[in-house]
There are 2 protein chains.
Amino acid sequence: MAHTEAMTQIFHATGRRLTSQRRLLLEVLTERDDHLDAEAIYALAKKRDPNISLATVYRTLKVLKEVGVVQERILDREGQRHHYELTTEAHYHFTCLKCGRVIEFESALIEQASDELAKRLQLDVVHARVHLDGYCPDCR
Amino acid sequence: MAHTEAMTQIFHATGRRLTSQRRLLLEVLTERDDHLDAEAIYALAKKRDPNISLATVYRTLKVLKEVGVVQERILDREGQRHHYELTTEAHYHFTCLKCGRVIEFESALIEQASDELAKRLQLDVVHARVHLDGYCPDCR
DNA sequence: GTCACTGCAAACGCTTTGCAATCGT
DNA sequence: ACGATTGCAAAGCGTTTGCAGTGAC
């Protein structure tokens with residue numbers, strides 16, 4: 001995603017405007033698809049547009065979430081801060097309790113589990129957040 | 001758990017003190033094992049001890065987390081607030097995106113997935129947070 | 001008697017919001 | 001030109017902390 005074309009359409013269709021700030025933030029997110037937090041995104045964006053504000057970062061992330069382009073996660077050990085990443089294939093995260101490192105992974109079994117539960121409990125499951133905590137190979 | 005006996009020992013062994021406030025908070029958590037947030041726990045505790053402070057609730061929850069008696073979760077749609085529940089058998093949560101209802105469930109498949117990943121990625125998995133979002137039977 | 005713990009109020013960190021100016025359409 | 005979006009600064013909200021007093025051991 002994040003092609004300017006596709007974006008233009010999505011934005012236009014929903015009565016939103018594609019400003020230079022939004023374009024820039026999409027660029028940043030595309031280049032470093034790295035579950036960044038708002039502060040980090042702000043820092044990267046500021047390098048190219050020193051006038052951009054943190055408020056705009058938050059407001060844009062909100063819009064991008066609404067439009068489905070980014071997803072919000074909570075990855076830090078304290079659960080105090082939100083992280084954002086472009087919506088891609090389903091994947092999950094592991095956080096090392098010692099060094100704080102975040103490892104991404106995919107898992108067919110998790111999708112199976114989700115399907116099984118949807119059936120069993122009659123839920124319409126839109127999204128599965130799976131997050132493992134523990135010790136990474138270096139810290140265990 | 002949360003038997004006063006066992007608690008007394010855990011607290012004593014770690015050089016902590018079992019105060020009336022801590023006993024009260026344990027009671028509240030035991031009676032309503034309902035993934036409450038700090039404010040709700042505070043409200044319930046205040047009914048029996050009007051002098052208890054919110055700071056003590058937070059500090060006690062921190063201690064109980066360290067000791068392993070409670071676990072912290074993030075269950076609200078905004079991810080802004082922490083919820084606490086006594087540590088029992090592994091179970092997970094589903095949040096309805098429309099009505100906000102939280103449904104608990106267990107799943108052997110999720111435990112399998114966690115084991116598989118631990119092996120595959122050489123992780124020491126201490127804890128799996130699994131959280132589904134979607135629409136409950138009433139809202140779908 | 002010690003020192004962990006408490007209540008209070010102030011501070012914290014991340015996120016949101018009101019407002020006047022700006023810029024996409 | 002209209003109104004969605006911006007930057008700024010101030011406010012919001014859940015959580016944490018400094019401090020003097022208290023109570024568990």
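A note on names: the letters A, B, ... follow the listed sequences, proteins ahead of strands, and every chain is numbered from 1. We use all heavy atoms of the structure for the numbers below, so side chains are in, but hydrogens, waters and symmetry mates are not.
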Inter- and intrachain pairs under side chain to side chain donor-acceptor pair (under 3.5 Å), touching residues 40-49 of chain B, at least two apart: B/Glu27-B/Arg48, B/Glu31-B/Arg48, B/Tyr42-B/Lys46

Between D/dT5 atom P and A/Leu26 atom CG, what is the distance in whole Å? 13 Å

For residues 55-70 of chain B, please give each side-chain donor-acceptor pair under 3.5 Å, one per line with the distance, not counting sequence neighbours.
unit_1: B/Thr56; atom_1: OG1; unit_2: B/Ser53; atom_2: OG; d: 3.2
unit_1: B/Thr60; atom_1: OG1; unit_2: B/Thr56; atom_2: O; d: 2.8
unit_1: B/Lys65; atom_1: NZ; unit_2: B/Glu72; atom_2: OE2; d: 3.1
unit_1: B/Glu66; atom_1: OE1; unit_2: B/Arg16; atom_2: NH1; d: 3.3

Below 4.0 angstrom from OP1 or OP2 of D/dT15, is there any side-chain N or O of B/His82? yes

With a 4.0 Å heavy-atom cut-off, tell me which residues in residues 42-56 of chain A come close to DNA chain D, sorted by residue number. A/Asn51, A/Ile52, A/Ser53, A/Ala55, A/Thr56

Rounded to the nearest Å, what distance is computed from the CD atom of residue A/Gln80 to the C1' atom of nucleotide D/dC13? 12 Å

Enumerate, atom names and distances included, each donor-acceptor pair closer than 3.5 Å involving a side-chain atom of residues 109-119 of chain A, sequence neighbours excluded.
unit_1: A/Glu111; atom_1: OE2; unit_2: A/Tyr92; atom_2: OH; d: 2.7
unit_1: A/Glu116; atom_1: OE2; unit_2: A/Arg120; atom_2: NE; d: 2.8

OP1 or OP2 of D/dG7 versus the side-chain N and O atoms of A/Gln21: is any pair under 4.0 Å? yes

Let me know the distance between OH of B/Tyr58 and P of C/dA9, rounded to the nearest Å. 17 Å

A/Glu39 CD to C/dG13 P: how many Å, rounded? 11 Å

Under a 4.0 Å threshold between the charged nitrogen and the carboxylate oxygen, would A/Lys98 count as salt-bridged to A/Asp138? no

How many Å lie between CG on B/Leu24 and C1' on C/dC5, as a whole number? 15 Å

Taken to the nearest whole Å, CD1/B/Ile74 to P/D/dG14 is 14 Å

5' to 3', nucleotides 19-25 of chain C under a 4.0 Å protein heavy-atom cut-off (B base, S sugar-phosphate only, - none) gives -----BS

Would you say the side chain of B/Arg81 lies within less than 4.5 Å of the side chain of B/Ile74, judging by non-hydrogen atoms? no

Distance-only side-chain donor-acceptor flag, B/His91 / B/Glu85, under 3.5 Å: yes

Find the distance B/Phe11:CZ to C/dC3:C1' and express it as a whole number of Å. 17 Å

CZ/B/Phe94 to CD/B/Glu104 distance, rounded to the nearest 0.5 angstrom? 13.5 Å

What is the distance, rounded to the nearest whole Å, between atom CZ of A/Arg22 and atom P of D/dG7? 11 Å

Residue pairs involving residues 21-40 of chain B (criterion ring-ring contact (aromatic ring centres under 6.0 Å, His included); sequence neighbours excluded): B/His35-B/His93

A/Arg73 side chain to A/Gln71 side chain, donor-acceptor N/O pair below 3.5 angstrom: yes

